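Predicted model, so just to flag it, every value in this text is computed and none were measured.
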Amino acid sequence: MINQTSENLLNPHIKKLSDKGYKFTWFDWFCLWYPPGWLILFNRHWQHYHTDSDGWNWLEYLLFLIPGGFYLALLIRWLRLRCRLPRRQFDEFEPKYQLAFREEILTVIVKDYFHAELQQLENLPQTGPMIVAMNHAGMSFPWDFLSVGYLLSKTREWVVQPLANVSLFEHPWMVWWLPSGWSKVLGGVKAEKDDFEAAIKEGKIILYAPEGLRGPIKGWAKRYELQKFDLSFIQLSDRYQIPILPVVCIGSENLHPFAVNFRKLQRLVRLPFLPLSPLMFVFLLFPSMGVWANKSNLRYFIQPLYTPEINADKLSRTVVYQKAQQLREKLQSQINQLL
C-alpha cells in the first residue's frame, strides 16, 4: 500500500495501472541470473504496465542473449521503426509505477543480489522533505543510488527521487536500451540547476551525489577518496530550510572493479564517463549488460542530520564552500573508519 505521504505526491493525470502485478516467469528468473538478461527484465516489466509499440519484441530479446546478437537486434528494431528513434510517449513521474518497479523488480535485485542494508537507523528521520547526500562510485549503472532509494522507500514508505545525469534521460544509447522516458517515469530529476531547485522547492526527498560526476570518474585507484563537493546542495538546503541526510555507502566501488575512465573515447561518444576494465571485453559482445553490475555487498551508514542555518542568504560563497568541505571531511573520516 502507498501511505498518505505517497498519495499526496501522486500525479492525478497518470492512467490507472493494471490491477494484476507483474509475475516472474522462469524466463525472468533466467534473465535475473544471466547478466545480458537484465535489460530484458526491465523492458518486459515496463511493457506489462505501458503500451509501447516502439519497444523491444521477443525476437530481439532472444538475440540479446547470444554474443553479438544485440547489434542484430538493434538493426532489426531500427528497420522495424522505419529508421527513426523510438517515440517519447511518457514524460511524467509515475509514483505508482515506481512502487510497482520497486516491489516486483528491485526487491529481488537489491536483497538477493546486492544484499543491500541500511545501518545506523537511529539517525534516519521519520519524514521528509530532505536531501539525501551520498558518496558515489562504481563507474556503472547507478545501482548504489537505486538500492539506497529502495531501502529508504521500504523503511519509511517515502517517495524518493534521484538527481541523475542528463545522459540517463537523453543520450541515444539510453533511448535504445531502455523505454523512452524510463528515467523520468521512475522519478529521476535531471542534474541541472533549475530542475534541482524546483524539486527542492516542492519539498521532495531527493537523492544527491555531492561529488557529481567526479565520483564515478575517479575510477578504481581513487575509489575510497571523496572528490570535491559541489556547493549547490548546501546553498539550496540553507535557502529553502531543507535538511541534508548524509549517507556513506561502502561496496559501490565493487560494482565495476578495476575500471578507469577512458577520457578521449568518453568525449567522442558524449558520455559522462566511459570505464575501461576487463569486463568491457564482455560488454562488447553483450551490450545489453549496460544496466548490469558486478555482485557486491552494499552497506549504507546513515549519518546525523545536517540542519540548515537561518538567514542563509547572507552567507558568502566562501562560507558555503567551507561548510561543504567540512561535510566532505566528516564523510571521508567515516569511510576511512569503516574500511
Side-chain angles (χ1 to χ4, degrees), residues 1-12 93-104 106-107 109-111 114-136 142-164 186-189 196-210 229 232-252 298-312 323-324 326-327 330-331 334-335 338:
M1 296 292 292
I2 303 178
N3 68 358
Q4 186 63 43
T5 302
S6 299
E7 287 286 359
N8 291 338
L9 292 173
L10 287 179
N11 185 330
F93 175 35
E94 297 181 12
K96 288 182 180 179
Y97 182 70
Q98 186 196 62
L99 177 63
F101 187 76
R102 185 189 85 187
E103 295 298 321
E104 297 163 357
L106 288 184
T107 294
I109 294 175
V110 173
K111 288 187 174 181
F114 292 122
H115 301 287
E117 58 182 26
L118 292 178
Q119 299 193 17
Q120 300 174 184
L121 288 174
E122 65 275 9
N123 293 324
L124 187 63
Q126 291 296 324
T127 186
M130 71 186 69
I131 302 171
V132 181
M134 190 184 78
N135 58 306
H136 189 28
W143 281 109
D144 49 352
F145 265 40
L146 287 176
S147 296
V148 74
Y150 166 86
L151 293 173
L152 292 173
S153 298
K154 288 290 289 184
T155 304
R156 290 287 188 260
E157 285 298 323
W158 291 343
V159 175
V160 180
Q161 296 185 242
L163 196 73
L186 278 176
V189 177
F196 188 17
E197 184 164 5
I200 297 300
K201 288 175 68 175
E202 292 173 12
K204 297 181 177 181
I205 297 175
I206 300 295
L207 277 176
Y208 177 74
F229 278 10
S232 56
F233 77 115
I234 297 287
Q235 293 169 326
L236 292 176
S237 169
D238 288 340
R239 183 181 305 159
Y240 296 104
Q241 294 296 289
I242 302 295
I244 296 172
L245 182 67
V247 176
V248 169
C249 177
I250 300 295
S252 60
L298 297 176
R299 294 177 295 152
Y300 299 93
F301 296 85
I302 310 298
Q303 305 300 305
L305 201 66
Y306 165 88
T307 304
E309 293 189 18
I310 301 174
N311 299 324
K323 292 170 69 175
Q326 289 170 1
L327 181 57
K330 286 182 180 180
L331 294 186
Q334 285 293 310
I335 291 174
L338 292 168

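- When the side-chain hydrogen bond (donor to acceptor under 3.5 Å, both in side chains) test is applied to Gln326, no partner is found at least two apart in sequence or on another chain.
- Applying the side-chain hydrogen bond (donor to acceptor under 3.5 Å, both in side chains) criterion to Thr107, with sequence neighbours excluded, gives Tyr150.
- Between Leu331 and Val247 the shortest side-chain heavy-atom distance does not fall below 4.5 Å.
- For Glu197, the salt bridge (Lys or Arg N to Asp or Glu O under 4.0 Å) test picks out Lys193, Arg239, with sequence neighbours left out.
- Across every non-hydrogen atom of Leu305 and Pro246, the tightest pair is CA-CD, 4.5 Å.
- Within the model, atoms CZ of Phe301 and CD of Glu117 stand 7.5 Å from one another, a figure rounded to the nearest 0.5 Å.
- For the atom pair CG of Leu121 and OG1 of Thr155, the computed distance is 6.0 Å after rounding to the nearest 0.5 Å.
- Taking 4.5 Å as the limit, some side-chain heavy atom of Ile244 sits within range of a side-chain heavy atom of Ile234.
- Contact annotation: the side chain of Lys96 never approaches that of Gln98 to less than 4.5 Å [non-hydrogen atoms, C-beta and beyond].
- Pro304 meets the side chain to side chain contact (heavy atoms under 4.5 Å, CB included) test with Asn123; sequence neighbours excluded.
- Among residues two or more places apart in sequence or in another chain, the side-chain hydrogen bond (donor to acceptor under 3.5 Å, both in side chains) test is passed with Tyr306 by Asp238, Lys323.
- Residues passing the ring pair (Phe, Tyr, Trp, His ring centres under 6.0 Å) test with Phe196, sequence neighbours excluded: Tyr208.
- In terms of the side chain to side chain contact (heavy atoms under 4.5 Å, CB included) criterion, residue partners of Pro129 (sequence neighbours excluded) are, by chain and number, Ile242.
- Side chain of Arg156 to backbone of Pro125: a donor-acceptor contact under 3.5 angstrom is found.
- For Gln334, the side chain to side chain contact (heavy atoms under 4.5 Å, CB included) partners at least two apart in sequence or on another chain are Val248, Gln303, Gln337.
- Note that the CD1 atom of Ile200 and the CG atom of Leu236 stand 6.0 Å from one another [nearest 0.5 Å].
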Stepwise side chain to side chain contact (heavy atoms under 4.5 Å, CB included) test for Leu146 and Val110: CA-CA 9 Å; Leu146 287 176; Val110 173; over 6 Å; no
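- Taking CD of Glu104 as the start and OH of Tyr97 as the end, the distance is 8.5 Å to the nearest 0.5 Å.
- At distances below 3.5 Å, at least one donor-acceptor pair connects side-chain atoms of Gln120 with backbone N or O atoms of Ile302.
- Residue Met134 comes nearest to Cys249 through the heavy atom pair SD-CB, 3.9 Å, listed as atom of the first residue, atom of the second, then distance.
- Considering only heavy atoms from C-beta on, Arg299 stays 4.5 Å or farther from His115 through its side chain.
- Rounding to the nearest 0.5 Å places CG of Leu163 at 8.0 Å from OG of Ser232.
- To the nearest 0.5 Å, the span separating CZ on Phe145 from NE2 on His136 amounts to 5.5 Å.
- Between Trp143 and Leu106 the shortest side-chain heavy-atom distance falls below 4.5 Å.
- Using a cutoff of 4.0 Å between basic side-chain nitrogens and carboxylate oxygens, Arg102 and Glu157 are scored as salt-bridged.
- Side chain of Tyr300 to main chain of Asp144: a donor-acceptor pair is present (N/O by atom type, distance under 3.5 Å, no hydrogens or angles).
- For Ser153, the side-chain hydrogen bond (donor to acceptor under 3.5 Å, both in side chains) test picks out no residue, with sequence neighbours left out.
- A 4.5 Å side-chain heavy-atom check between Leu245 and Leu124 finds at least one atom pair inside the cut-off.
- When the side chain to side chain contact (heavy atoms under 4.5 Å, CB included) test is applied to Ile205, the partners found at least two apart in sequence or on another chain are Met130, Val132, Trp158, Val160.
- Contacts of Lys111 classified as salt bridge (Lys or Arg N to Asp or Glu O under 4.0 Å), with partners at least two apart in sequence or in another chain: none.
- The side-chain heavy atoms of Pro243 and Pro308, taken from C-beta on, include a pair separated by under 4.5 Å.
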